[in-house]
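Residues: numbered from 1 along the sequence shown.
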Amino acid sequence: MADPSLTVLLGPGLAPALAGLGVLCSLRERNVPVGLVVGVNTGALAAALWAAGPDLEFAARVLARLPWHRFAVARDLASADPLLTALNVLTRGASFSDLRRPIAVVAVEDGSGKAVWMDQGSVARAVRASVAVPGLFEPLEQDGRRLVDGGAAWPLDRGRFEGKRLLVVEFRAADRAAARPAPGFSVAALELARETAGAWGRFQGGAGQLLVVDEPVGGLLDFHRAEEWFAAGRRAFEAWLRPGGEEAGA
């Protein structure tokens, strides 16, 4: 018997990928059976919050109030890592085995460019590795490897999901809405974010359905607009269901 559940792949996006919270919230409200969510970059953060079980709208409010500009600094991770601390609080210190719903997080091994799939151990550390855009959010050392931005592995190898119903969510909100960096961020940080986003791949079709969030709510570093990104994700999902879109529950 075919598995009726959906596997959701959440792409990279820095702040715009927080719209993934809205997409996942809409799927939950419509009782669409989701068997697995896989996230890269901030898509991994959305996946983790969905799996940890909190109110996703409330989670967006919390994310909007975090001092993201204080996380985005060069640092020696032998010392305190405030971003990891925040992620531990957000995910309730959970391990993957503690989660209410199954997820996987993808980062990339620095140097080799090899995708590293994580579904065991600390959820916060996995997400911290996946959001680690070098020069913006510092890389994370784990199991003898230096892990960086999971967005570099996007689009993911769909061979891993053969026979599964796929929903691929991409965040293409251009940075045109942010001529200036978000509060606390430097112009150099914004340019680095743009360069990084420009290197991410895009879903080219094939197996699976594609949902694109491209509403210009703000820029790549506008984490303080998390609640607006959340709402944009919900609007994108509803637009996707209209005639001409594809019904997730079909």
Interatomic distance, [X] atom [atom1] to [Y] atom [atom2] [nearest 0.5 angstrom]:
{"X": "Leu14", "Y": "Phe171", "atom1": "CG", "atom2": "CZ", "answer": "11.5 Å"}
{"X": "Phe203", "Y": "Gln209", "atom1": "CZ", "atom2": "CD", "answer": "9.5 Å"}
{"X": "Glu138", "Y": "Phe71", "atom1": "CD", "atom2": "CZ", "answer": "14.5 Å"}
{"X": "Phe237", "Y": "Leu211", "atom1": "CZ", "atom2": "CG", "answer": "7.5 Å"}
{"X": "Leu36", "Y": "Ser5", "atom1": "CG", "atom2": "OG", "answer": "8.5 Å"}
{"X": "Glu162", "Y": "Asp157", "atom1": "CD", "atom2": "CG", "answer": "10.5 Å"}

Can you tell me if [X] and [Y] form a side-chain donor-acceptor pair at under 3.5 Å?
{"X": "Glu170", "Y": "Trp154", "answer": "yes"}
{"X": "Glu109", "Y": "Ser112", "answer": "yes"}
{"X": "Asp149", "Y": "Trp200", "answer": "yes"}

Check your understanding: Between Leu10 and Leu24, is a side chain to side chain contact (heavy atoms under 4.5 Å, CB included) present by the stated rule, with each step listed?
Key -> CA-CA 10 Å; Leu10 295 179; Leu24 293 173; 3.9 Å; yes

Check your understanding: Of the options Leu220, Asp222, Val187, which is the one that meets Pro181 in a side chain to side chain contact (heavy atoms under 4.5 Å, CB included)?
Key -> Val187

Answer whether the closest heavy-atom distance between the side chains of [X] and [Y] falls below 4.5 Å.
{"X": "Leu87", "Y": "Leu45", "answer": "yes"}
{"X": "Arg234", "Y": "Glu29", "answer": "yes"}
{"X": "Arg30", "Y": "Leu241", "answer": "yes"}
{"X": "Val116", "Y": "Val106", "answer": "no"}
{"X": "Leu21", "Y": "Trp50", "answer": "no"}
{"X": "Leu56", "Y": "Leu49", "answer": "yes"}
{"X": "Val23", "Y": "Ser26", "answer": "no"}
{"X": "Leu167", "Y": "Val169", "answer": "yes"}

Practice item. Check step by step if side chain to side chain contact (heavy atoms under 4.5 Å, CB included) holds for Val38 and Ile103. Key: CA-CA 6 Å; Val38 183; Ile103 66 168; over 6 Å; no

Check your understanding: Going through the distances and angles, do Arg125 and Met118 end up as a side chain to side chain contact (heavy atoms under 4.5 Å, CB included)?
Key -> CA-CA 10 Å; Arg125 286 189 67 84; Met118 293 171 280; over 6 Å; no

Exercise for review: Answer yes or no for Arg160 and Trp117: cation-pi contact, defined as NZ/CZ to six-membered ring centre under 6.0 Å and angle to ring axis within 45°.
Suggested key: yes

Common cluster, [X]/[Y], ILVMFWY with side-chain heavy-atom separation under 4.5 Å:
{"X": "Val148", "Y": "Val105", "result": "no"}
{"X": "Val108", "Y": "Leu140", "result": "no"}
{"X": "Val127", "Y": "Leu84", "result": "no"}
{"X": "Leu63", "Y": "Val89", "result": "no"}

Check your understanding: Trp68 and Leu83: side chain to side chain contact (heavy atoms under 4.5 Å, CB included), yes or no, with the steps?
Key -> CA-CA 8 Å; Trp68 288 92; Leu83 178 53; 4.0 Å; yes

**Study point:** Gln120, CD atom: more than 12 neighbouring heavy atoms under 6.0 Å
**Key:** no

Practice item. Answer yes when Glu238 and Arg235 have at least one side-chain N-carboxylate O distance shorter than 4.0 Å, and no when they do not. Key: no

Practice item. Using a strict cut-off of less than 4.0 Å between a Lys/Arg side-chain nitrogen and an Asp/Glu carboxylate oxygen, indicate whether Arg172 and Asp214 qualify as a salt bridge. Key: no

